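As structure tokens, the structure follows; a few thoughts come after it.
In this text the structure is predicted, and so the values were computed from the model without any measurement.
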Amino acid sequence: LAIAFYYCEKKNGTLSAREKIHTLSKNIGIAEVGNKEIMNTVSNKRIHDFEDGIEYYAAINNKCDIIVTEDTNDFYFSDIKVCKAQSFLQEYLFKKK
């Protein structure tokens with residue numbers, strides 16, 4: 001959410017970014033990150049990018065089925081499915097209609 005806010009604010013201004021993040025946050029589940037996710041990340045020698053590791057273990061520890069990212073190659077170590085936003089929307093949202 002922090003990265004989404006940053007880019008939204010850069011493109012549309014602070015007020016618009018706050019509104020969009022508020023709307024988004026009401027419509028998604030937000031995985032908590034704490035000491036467990038940090039320790040799992042630093043203990044896993046396969047993970048080279050700290051931020052990706054934190055996101056991965058947040059997903060694992062919150063029982064997520066999929067990680068949605070535009071940087072799918074960054075999750076080469078993932079034991080759960082990783083896909084880009086467009087693929088996710090096509091597979092899970094648009095097909096359900």
Checklist line | pair Asn61-Asn40: side-chain heavy atoms closer than 4.5 Å | finding: yes
Checklist line | For Phe75, the rest of its hydrophobic cluster, which grows through side-chain links under 4.5 angstrom | finding: Ile47, Tyr56, Tyr57, Ile60, Ile67, Tyr76, Phe77, Ile80, Val82
Margin query: Would Lys20 and Phe5 count as a side chain to side chain contact (heavy atoms under 4.5 Å, CB included) here? Give the steps.
Written below: CA-CA 8 Å; Lys20 290 175 191 262; Phe5 182 88; over 6 Å; no
Check: Looking at OG1 of Thr23 and CD1 of Ile28, how far apart are the two atoms once the value is rounded to the nearest 0.5 Å?
Finding: 11.0 Å
Margin query: Would a single hydrophobic cluster contain both Leu24 and Ile30, if residues Ile, Leu, Val, Met, Phe, Trp and Tyr are joined by side-chain heavy-atom contacts under 4.5 Å?
Written below: yes
Margin query: Can you list everything that forms a side-chain hydrogen bond (donor to acceptor under 3.5 Å, both in side chains) with Glu19? Sequence neighbours excluded, please.
Written below: none
Next item on the list: State the CG-CZ distance between Asp79 and Arg46, to the nearest 0.5 angstrom.
Entry: 5.5 Å
Item checked: Partners meeting side chain to side chain contact (heavy atoms under 4.5 Å, CB included) with Glu70 (sequence neighbours left out) -> Lys84, Ala85
Check: If you take all heavy atoms of Ala58 and Ala31, which pair is closest and at what distance?
Finding: O-CB, 3.9 Å
Checklist line | Glu37 to Gly34 - nearest heavy-atom pair and separation | finding: OE1-N, 2.7 Å
Note to self: Could you measure the distance from the CG atom of Asp52 to the CG atom of Asp74? Nearest 0.5 Å is fine.
What the structure shows: 4.5 Å
Checklist line | Side chain to side chain, Thr69 and Glu55, heavy atoms closer than 4.5 Å | finding: no
Notebook entry, point to check: For Lys36, which residues count as a salt bridge (charged side-chain N to carboxylate O under 4.0 Å, His left out) partner, sequence neighbours excluded?
Noted result: none
Notebook entry, point to check: Looking only at heavy atoms, what is the nearest atom pair of Ser25 and Leu1, with distance?
Noted result: OG-CD1, 3.8 Å
Notebook entry, point to check: Apart from Tyr7 itself, what residues make up its hydrophobic cluster, given side-chain heavy atom links below 4.5 Å?
Noted result: Ile3, Tyr6
Note to self: According to side-chain hydrogen bond (donor to acceptor under 3.5 Å, both in side chains), who are the partners of Ser16, at least two apart in sequence or on a separate chain?
What the structure shows: none
